[in-house]
Amino acid sequence: MAEKTGIAYIKGDATAPRGEGVKVITHVCNDLGGWGKGFVLALSRRWPEPEAAYRRWHRERAHNDFGLGAAQFVQVADDLWVANVVGQQGIRPSPSRRGPRSPKGETSSGDSGVPVRYEAIDAGLGRVADGARRLGASVHVPRIGCGLTGGVWSRVEPLISGRLARGGISVTVYDR
């Protein structure tokens, strides 16, 4: 357990969360309705429901809350849910946002030109926190926002800590 953040880090598979009680696997999706690379493939190998629900949510977006910062809870077992968090704008880096990069991969303006949207992840994690409290659940994540979305963990970890761990929600991060 990382004392400073309240987040437990373990080696393992985030699609097979460890521990007792109700669990919410949380991951980041894009705002285009695309589901086909990264962690979502591991989810789809285990359960068809998260992908089907996400695609329906996107398709019916004119009549629901789909958009950056939204979170959708999909039950996949009696004590297991998947939270689809829309925290990625598009799927490719935007050339118009690129600039000189720091060693952390960020441009001098702090915008890395990649699809990750930290403010959307933060808002989505707030919704995950509300849902986890209602369910009495722990939250289990890969390093969200840091794979194909291009984010950096030093910016995502404080969001998880602030929205979840410091709010009394048990959080486990799975590293392969």
Query raised in the report: For S138, what residues pass the side-chain contact (heavy atoms from CB on, under 4.5 Å) criterion, not counting sequence neighbours?
Result: K23, H140, S170
Requested in this report: For T15, enumerate each residue passing the side-chain contact (heavy atoms from CB on, under 4.5 Å) test, keeping only those at least two apart in sequence or located in another chain.
Outcome: D13, F39, A42, L43, R46, W47
Hey, any chance [X] and [Y] share a hydrophobic cluster, counting ILVMFWY side chains that come within less than 4.5 Å of each other, even indirectly?
X	Y	value
V173	V82	no
I10	I169	no
V114	L159	yes
V139	V156	yes

Requested in this report: State which residue, out of D31, N30, V28, fulfils the side-chain contact (heavy atoms from CB on, under 4.5 Å) condition with V86.
Outcome: D31
Report task. Sort and list the pairs that fulfil side chain to side chain donor-acceptor pair (under 3.5 Å) and have at least one residue in residues 71-83, not counting sequence neighbours. Result -> Q72-N84
Query raised in the report: How would you list all residue pairs meeting side chain to side chain donor-acceptor pair (under 3.5 Å) that involve residues 119-133, not counting sequence neighbours?
Result: D122-R163
Report summary line: Distance col, row I144:CD1 vs I121:CD1, nearest 0.5 angstrom, shows 5.5 Å
Report task. Calculate, to the nearest 0.5 Å, the distance between atoms CZ and OH belonging to R143 and Y174 respectively. Result -> 13.5 Å
Query raised in the report: Between the side chains of Q88 and T149, does any donor sit under 3.5 Å from an acceptor?
Result: no
Query raised in the report: Is it the case that E49 and Y54 place a side-chain donor and acceptor less than 3.5 Å from each other?
Result: no
Side chains of [X] and [Y] in contact at under 4.5 Å (non-hydrogen atoms):
X	Y	value
V152	Y118	yes
Q89	P115	no
T172	V141	no
P50	V76	yes
V128	V85	yes

Query - Side-chain donor or acceptor of R166 paired with backbone N/O of I160 under 3.5 Å - result: no
Query raised in the report: Distance-only, no hydrogens or angles: does the S161 side chain make a donor-acceptor pair with backbone N or O of E157 under 3.5 Å?
Result: no
Considering all heavy atoms, the nearest [X]-[Y] contact:
X	Y	value
G87	A120	CA-CB, 3.9 Å
A137	V24	CB-CG2, 3.7 Å
R18	K11	NH2-O, 2.8 Å
V116	G145	CG2-O, 3.8 Å
W35	R55	O-NH2, 2.8 Å
F73	A83	CE2-CB, 4.3 Å

For a quick test of your reading: what N or O donor-acceptor pairs under 3.5 Å do the side chains of residues 61-68 make, sequence neighbours left out?
residue, atom, partner, partner atom, Å
R61, NH1, H58, O, 2.8
R61, NH1, H58, ND1, 3.4
R61, NH1, H58, NE2, 3.3
N64, OD1, F66, N, 2.8
N64, ND2, W57, O, 2.9
N64, ND2, E60, O, 3.1
D65, OD1, W57, NE1, 2.9

Query raised in the report: Residues two or more places apart in sequence or in another chain: which of them pass salt bridge (Lys or Arg N to Asp or Glu O under 4.0 Å) with R56?
Result: none
